[in-house]
Every structure is written in C-alpha cells, then in structure tokens.
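The sequence lines fix the lettering, A, B, ..., with proteins before strands; numbering per chain opens at 1.
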Number of protein chains: 2
Amino acid sequence: MTGKYRRSKQREVILRLLQSTESHPTASWIYDKLKSEFPHLSLGTVYRNLNILSEQGLIKKIDCGSTFDRFEANNHPHYHFICEQCNSVFDLKTPIMNNLEDQLSGLHNFTIHSHMIEFFGVCEACKKQ
Amino acid sequence: MTGKYRRSKQREVILRLLQSTESHPTASWIYDKLKSEFPHLSLGTVYRNLNILSEQGLIKKIDCGSTFDRFEANNHPHYHFICEQCNSVFDLKTPIMNNLEDQLSGLHNFTIHSHMIEFFGVCEACKKQ
DNA sequence: GTTCATGCAAATCGTTTGCACAATG
DNA sequence: CATTGTGCAAACGATTTGCATGAAC
C-alpha cells in the first residue's frame, strides 16, 4: 500500500474493521471480533499491525486516560468527548481551533505542532439511567 | 488532613516534593529523590500515596501519552504543553476557555464536566540544538 | 490496643519481542 | 528465494496487591 510493508490479510481486515465502526476499539476488542474469521489470530499480530497502520497514518492511537489504548480510523481532525460513566469515546463536530496555537506562540517560546482537546462528562445514554 | 486517612511521614514528604517542583514527576522519579531520606522506601508506597493524594484532590495525575503517569500539585486550572523531543511537560499561562464547554452543549446531548487541552511541539531548550 | 500505612515480593495488565514456520513478492 | 508477517509463548514495564510488621491515634 505505502511500500515498505507487504500486504497481509490480517492487516487489511483490521483496517477495514476500524473503518467500519464509530466506536473507538481497543486491541483486544479487535482481537475478539476477528477470532471467528481467523481462529489462530494472535494478540501480538493485532498490536503489530495497529502500530504499522498508525505509522502509515491510516489510523490513530488515542490515549484516553485509561490504562489501555484505543484506535480510530477517522482521519478528519476532530476532538473527543469521553463519558466518565461508560468510558465511551465520541467524535465531536466542533470545528478545530487552529487559532489556539497561534495565540500560544505569542505567549511562550515553544514551537507548536498540534493540539488535542478532550471533553469529559456524561453521554446521552448514561444520562437516561 | 481530610479525615479517613492517617497522616504518614511518607505521604507528607511526597506532597511537599511535588509542591516544590515545576517539573511533572513520575512515580519513580519521586522514589529516587526520596531514597536518601527514606532508605527503605518502596515504590508501592509511592504509588499508594500518589493515589490517596489524587483522591484528596491535592495532586493531579496527568496522562501525557507516555507509557507512565506524571503527577503535579498545581491546583490552578491550566493547560499543558508537551515537548515531543525531551517529553517535558510545561504548565501554560493561557486562560481557561470555559466557553468551549457551553459551545459544545449546544451541539450534542452530553453533560460536560470538564475539558483538557494539550499542545505538542518543541520546547525552547530543545530548539537550541 | 485497634486500625491503617509500610516494606517487600509476587501478581497483574497492557503491550512488545524472539523465534521457527508460513505467506508475500 | 529472499524477506516480511504470523502464531505462540515468554519478556517487559508500569502499576497494584497480599501479607506480616510497624506507626498512628
């Protein structure tokens, strides 16, 4: 695909799975989902491929305060909302605020490459309980 | 201090150490720093106390994309800048934007409690190399 | 004197890695 | 056929935990 790597059935399926979901899966969720299709799949392979896909820029690792990583294939820049009760992660539609970075550049002597915003609270489903 | 917990020399010293630094220490950095004063200190004790202090709201656990947690005793709400080269964490002076949360409430059906912003780039010291 | 905190070591959990074999180009 | 990806199991690093002893109240 991007050269350097050979194609592998497993990597393709992992990517397709990530592209087909709005949830922000963990490695072991992916592993469980693919167990039926690849009975001999190993978690190591899932992690290896998630890292390769990340490196290729096809997916992103999102680090949401938990002990484990989550992954997404949504390439549009966006912010996240994390439900404090069910720990679900949602993509937000709020526009990206690039002006934040310019604003900061004036205040400090940093070179800023990117920024990340995460909102925390209770999601709609959890509120209804 | 807040009741429920007894006072312990170790916990007090860990808190004072965190309050006296602008760096955002890891558990093992704290452990190393206190080794001379408490030759028998154990990492388990450091972790236990960091969790208690966190629960008491005296310090905050900050999860900066690394594999390990960092801690800070800075109680003023603030955002972070993380240097991609040396991994240092800096507290920012930019004002907190509470309007972001109101703005979002209009767009989604979430109840928002808080938000976090992290900026990534290169710090002043690393630029000079 | 009862209860909580400590030190120590073992356990846990998510992730990575070494190796022999299978799949890719 | 040369090389990369796989499955498996062992290794890893950060954090947590069980237990017997020591400190706090």
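Atom pair A:Tyr31:OH and C:dG14:C1' shows a separation of 14 Å (rounding to whole Å applied). The separation between B:Phe38 atom CZ and C:dG7 atom P is 8 Å, rounded to whole Å. Atom CZ of A:Arg11 is separated from atom P of C:dG25 by 10 Å (rounded to the nearest Å). Atom CG of A:Asp69 is separated from atom P of C:dC13 by 17 Å (rounded to the nearest Å). Taking atom CZ on A:Arg70 and atom P on C:dT15, their separation rounds to 11 Å, with Å as the unit. Rounded to an integer number of Å, the gap from A:Leu43 CG to C:dG14 C1' is 9 Å. Atom-to-atom, NZ of B:Lys35 to P of C:dG7 comes out at 11 Å; the value is rounded to the nearest Å. We find that CD of B:Glu12 is positioned 18 Å from P of C:dC4, with the value rounded to whole Å.
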Open item on the list: Does A:Lys60 form a side-chain contact (heavy atoms from CB on, under 4.5 Å) with A:Asn74? I'd like the steps, not just the answer.
Closed with: CA-CA 8 Å; A:Lys60 277 226 279 297; A:Asn74 180 349; over 6 Å; no
message = For a side-chain contact (heavy atoms from CB on, under 4.5 Å) check, start with the C-alpha distance between B:Tyr79 and B:Ile96, then their side-chain angles and the critical distance, and finish with the verdict.
response = CA-CA 8 Å; B:Tyr79 301 133; B:Ile96 297 300; 3.7 Å; yes
Practice item. Give the C-alpha distance, both sets of side-chain angles, the deciding distance and a yes or no for side-chain contact (heavy atoms from CB on, under 4.5 Å) between B:His80 and B:Phe119. Key: CA-CA 6 Å; B:His80 286 131; B:Phe119 294 86; over 6 Å; no
I'd like to know whether B:Phe68 forms a side-chain contact (heavy atoms from CB on, under 4.5 Å) with B:Arg70, so could you lay out the CA-CA distance, the side-chain angles of the two residues, the decisive distance to 0.1 Å, and finally the verdict. CA-CA 7 Å; B:Phe68 41 80; B:Arg70 291 175 170 276; 4.2 Å; yes
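The line from OG1 of A:Thr111 to CZ of B:Phe120 is 15.5 Å long, rounded to the nearest 0.5 Å. From A:Asn49, atom CG reaches atom OG of A:Ser8 across 5.0 Å, with rounding to the nearest 0.5 Å.
For B:His40 and C:dC8, the shortest distance from a side-chain N or O to OP1 or OP2 is below 4.0 Å. Not one side-chain nitrogen or oxygen of B:Asn49 sits closer than 4.0 Å to the OP1 or OP2 atom of C:dA5.
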Nucleotide by nucleotide, nucleotides 17-24 of chain C touches protein heavy atoms under 4.0 Å in the pattern (B base, S sugar-phosphate only, - none) BB----BB
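When side chains are defined from C-beta on, A:Ser88 does not count as touching A:Ile82, because their heavy atoms never get closer than 4.5 Å.
Nearer to the 5' terminus of DNA chain D, by closest-nucleotide assignment, is the contact made by A:Ser42 (compared with the other of B:Phe68 and A:Ser42).
Once you apply a 4.0 Å limit to the heavy atoms of chain B, the touched nucleotides of DNA chain D run 5' to 3' over D:dA14 to D:dC25.
Within a 6.0 Å sphere centred on NZ of A:Lys33, heavy atoms belonging to other residues, nucleotides or ligands number 12 at most.
Checking A:Glu72 against A:His24 by side-chain atom types alone, a donor-acceptor pair falls below 3.5 Å.
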